[in-house]
Visitor: 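Got a structure for you, written out below as structure tokens; questions coming shortly.
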Amino acid sequence: METTSGASARPLPPAFYTQPTLAVARALLGKTLARRTDAGVAAGVIVEVEAYIAAVDAAAHGYGGPTPRTRSMFGPPGRAYVYRSYGMHFCLNVVTEPEGQAAAVLIRALRPSCGLELMRARRGPAVADRTLCRGPGRLCQALALTLSDDGADLCGPDLWIAETPDEERVGDPPIAASPRIGISKAVDLPWRFYISGSHYVSGRPTT
DNA sequence: CTTGAGATGTTCT
DNA sequence: GAACATCTCAAGA
């Protein structure tokens, strides 16, 4: 019998992504992000996210209008926005808000729950489990996400987000908020959300 | 654990 | 040119 895992649960309904961006960001914590390729399924529980809302947020991609790169951020909610970061990494966002508005939630870290061997194969043999998906570029590498996944449906067969089964859950996640990481504009907006105390969260220790 | 440098490509000034 | 929603590695405390 197949081992229980959020990877086998049904995708969240499209309506999940029509909530306001900050509500989606908080609600994503504790959900399972799953990825299928020919090599198999890999998945993890979301433990850290950041919200970006171009209408009111100078740090957001899409602030000041669409560009070719940010096109899918203006698209319909419930899709992926994947961009290249610092020339060599990729970052995965969940698009929110109605089409025409640029808003998204950056997935910053996962606690790996499924397909760990696959992740190690992609990330390297010396990488500790804790580090497999700790950071937005790292998790994209672990899940083999690239620009070809930009615009992908998050309720689809190859990439989806689902409720996490009870036996994989730690309990009700204690959610904390803080300023976002690695930005230089709108630095005071407390739009980074993470599971307090999780060792899989990027950045500094969280107490 | 910390700090600091370098890699690397697209976008913006 | 400069900046960038980052990561890895090496060296030090």
Side-chain angles (χ1 to χ4, degrees), chain A residues 17 21-22 24-26 28-29 33 42 44 46-75 77 79-97 101-112 119-152 154 161 176-195 197-207:
Chain A
Y17 302 97
T21 300
L22 295 180
V24 174
R26 277 182 282 252
L28 280 173
L29 293 176
L33 171 65
I46 298 170
V47 297
E48 182 186 3
V49 299
E50 285 176 359
Y52 289 88
I53 308 172
V56 293
D57 176 10
H61 292 177
Y63 182 78
T67 66
R69 178 176 72 152
T70 62
R71 186 173 43 95
S72 50
M73 211 176 151
F74 289 81
R79 309 252 281 251
Y81 164 48
V82 180
Y83 69 93
R84 191 191 295 276
S85 174
Y86 289 93
M88 58 194 98
H89 305 291
F90 301 105
C91 294
L92 170 70
N93 294 254
V94 171
V95 175
T96 56
E97 304 295 338
Q101 296 186 45
V105 178
L106 171 70
I107 310 297
R108 283 197 59 93
L110 310 177
R111 173 170 58 80
M119 296 186 189
R120 287 189 202 104
R122 291 164 177 156
R123 294 271 298 120
V127 174
D129 288 358
R130 183 190 175 213
T131 315
L132 283 174
C133 298
R134 188 162 82 129
R138 289 164 170 170
L139 77 87
C140 279
Q141 190 183 5
L143 299 182
L145 293 168
T146 68
L147 288 187
S148 65
D149 299 293
D150 186 36
L154 291 171
I161 298 173
S178 82
R180 295 168 293 181
I181 290 179
I183 58 172
S184 60
K185 299 170 197 160
V187 293
D188 290 331
L189 287 176
W191 285 357
R192 170 176 176 252
F193 304 99
Y194 58 95
I195 296 184
S198 170
H199 290 178
Y200 297 93
V201 171
S202 74
R204 294 293 177 72
T206 64
T207 53

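Every chain is numbered from 1 and lettered A, B, ... according to where its sequence line falls, protein lines coming before strand lines.
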Visitor: Within the 4.0 Å heavy-atom criterion, would you say A/Arg180 contacts the bases, only the backbone, or no part of the nucleic acid?
Guide: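 No contact at all - A/Arg180 keeps every heavy atom at 4.0 Å or more from the nucleic acid.
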
Visitor: In Å, rounded to the nearest 0.5 Å, how long is the span from OG of A/Ser198 to CD1 of A/Ile46?
Guide: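 A/Ser198 OG to A/Ile46 CD1: 12.5 Å, rounded to 0.5 Å.
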
Visitor: Kindly point out which of C/dC7, C/dA5, B/dC1 is positioned nearest to the side chain of A/Arg130?
Guide: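 Nearest nucleotide to the side chain: B/dC1.
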
Visitor: Given the C1' atoms of B/dT3 and C/dA5, what is the spacing between them in whole Å?
Guide: 22 Å

Visitor: More 5' along DNA chain C: A/Gly182 or A/Arg138, using each one's nearest nucleotide?
Guide: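 Result of the comparison: A/Gly182.
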
Visitor: Using whole Å, what does the distance between atom P of nucleotide C/dA5 and atom CG of A/Asp150 come to?
Guide: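 To the nearest whole Å, that distance equals 16 Å.
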
Visitor: Quick one, A/Val95 with A/Tyr17, criterion side-chain contact (heavy atoms from CB on, under 4.5 Å). Give me CA distance, side-chain angles, the key distance, then yes/no.
Guide: CA-CA 8 Å; A/Val95 175; A/Tyr17 302 97; over 6 Å; no

Visitor: Would you kindly say whether A/Gln141 and A/Arg122 are connected by a side-chain donor-acceptor distance under 3.5 Å?
Guide: no

Visitor: Of the residues in residues 57-67 of chain A, which ones touch DNA chain C at a heavy-atom distance under 4.0 Å?
Guide: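 Only A/Ala59, A/His61 qualify.
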
Visitor: With heavy-atom distances below 4.5 Å as the criterion, would you say the side chains of A/Asp57 and A/Tyr63 are in contact?
Guide: no

Visitor: Going from OG1 on A/Thr70 to OH on A/Tyr52, what distance comes out if it is rounded to the nearest 0.5 angstrom?
Guide: 14.5 Å

Visitor: Hey, which of A/Arg138, A/Arg108, A/Arg134, A/Arg192 is the one that makes side chain to side chain donor-acceptor pair (under 3.5 Å) with A/Ser202?
Guide: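 Testing each of A/Arg138, A/Arg108, A/Arg134, A/Arg192 against A/Ser202, the sole residue satisfying side chain to side chain donor-acceptor pair (under 3.5 Å) is A/Arg108.
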
Visitor: Could you tell me whether A/Arg79 and A/Asp150 have a side-chain N and a carboxylate O separated by less than 4.0 Å?
Guide: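 No, no charged N to carboxylate O under 4.0 Å.
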
Visitor: When the distance from CG of A/Asp188 to C1' of C/dA5 is rounded to whole Å, what number comes out?
Guide: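 Answer to the nearest Å: 16 Å.
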
Visitor: Please lay out, stage by stage, how A/Leu145 and A/Phe90 fare under the test side-chain contact (heavy atoms from CB on, under 4.5 Å).
Guide: CA-CA 7 Å; A/Leu145 293 168; A/Phe90 301 105; 5.7 Å; no

Visitor: Name the residue from A/Arg111, A/Arg120, A/Arg123 that meets the salt bridge (Lys or Arg N to Asp or Glu O under 4.0 Å) definition with A/Asp129.
Guide: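 With A/Asp129 as partner, A/Arg111, A/Arg120, A/Arg123 yield a single salt bridge (Lys or Arg N to Asp or Glu O under 4.0 Å), made by A/Arg120.
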
Visitor: Tell me if a side-chain donor or acceptor on A/Glu50 pairs with a main-chain N or O of A/Ile181 at a distance below 3.5 Å.
Guide: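 Side chain of A/Glu50 to backbone of A/Ile181, a donor-acceptor pair under 3.5 Å: yes, one is there.
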
Visitor: Could you give the CG-to-P distance, from A/Leu132 to C/dT8, as a whole number of Å?
Guide: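 Rounded to the whole Å, the gap is 10 Å.
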
Visitor: Stem finding on DNA chain B, please: runs of three or more consecutive Watson-Crick or G-U wobble pairs, both distances under 3.5 Å, sorted by first number.
Guide: B:1-7 with C:6-12, B:9-12 with C:1-4

Visitor: What is the separation between atom CG on A/Leu139 and atom P on C/dA5, rounded to the nearest whole Å?
Guide: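 Value for this atom pair: 16 Å.
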
Visitor: Answer yes or no: does a side-chain N or O of A/Arg69 lie under 4.0 Å from OP1 or OP2 of B/dC12?
Guide: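 No.
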
Visitor: Please check if the side chain of A/Arg130 supplies one atom and the backbone of A/His199 the other of a donor-acceptor pair under 3.5 Å.
Guide: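 It does hold such a pair.
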
Visitor: Send over the distance from A/Arg192 CZ to C/dT6 C1', rounded to a whole Å.
Guide: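 After rounding, the gap between these two atoms is 14 Å.
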
Visitor: Considering only side-chain heavy atoms of A/Ile183, which listed nucleotide, C/dT8, C/dC4, C/dA5, is closest?
Guide: C/dA5

Visitor: Which whole-number value in Å describes the distance from A/Leu189 CG to C/dA5 P?
Guide: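 Spelled out: CG on A/Leu189 to P on C/dA5 is 15 Å.
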
Visitor: Rounding to a whole Å, what distance do you find between A/Phe90:CZ and C/dA5:P?
Guide: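 Distance, rounded to whole Å: 16 Å.
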
Visitor: Enter the distance from A/Trp191:CH2 to A/Ile183:CD1 here, rounded to the nearest 0.5 Å.
Guide: 10.0 Å

Visitor: For nucleotides 5-9 of chain B, list the nitrogen or oxygen atoms of the protein found under 3.5 Å from its nitrogen or oxygen atoms, one pair per line.
Guide:
from  : atom 1 : to      : atom 2 : distance (Å)
B/dT8 : O2     : A/Tyr86 : O      : 2.6
B/dG9 : O4'    : A/Gly87 : O      : 3.3

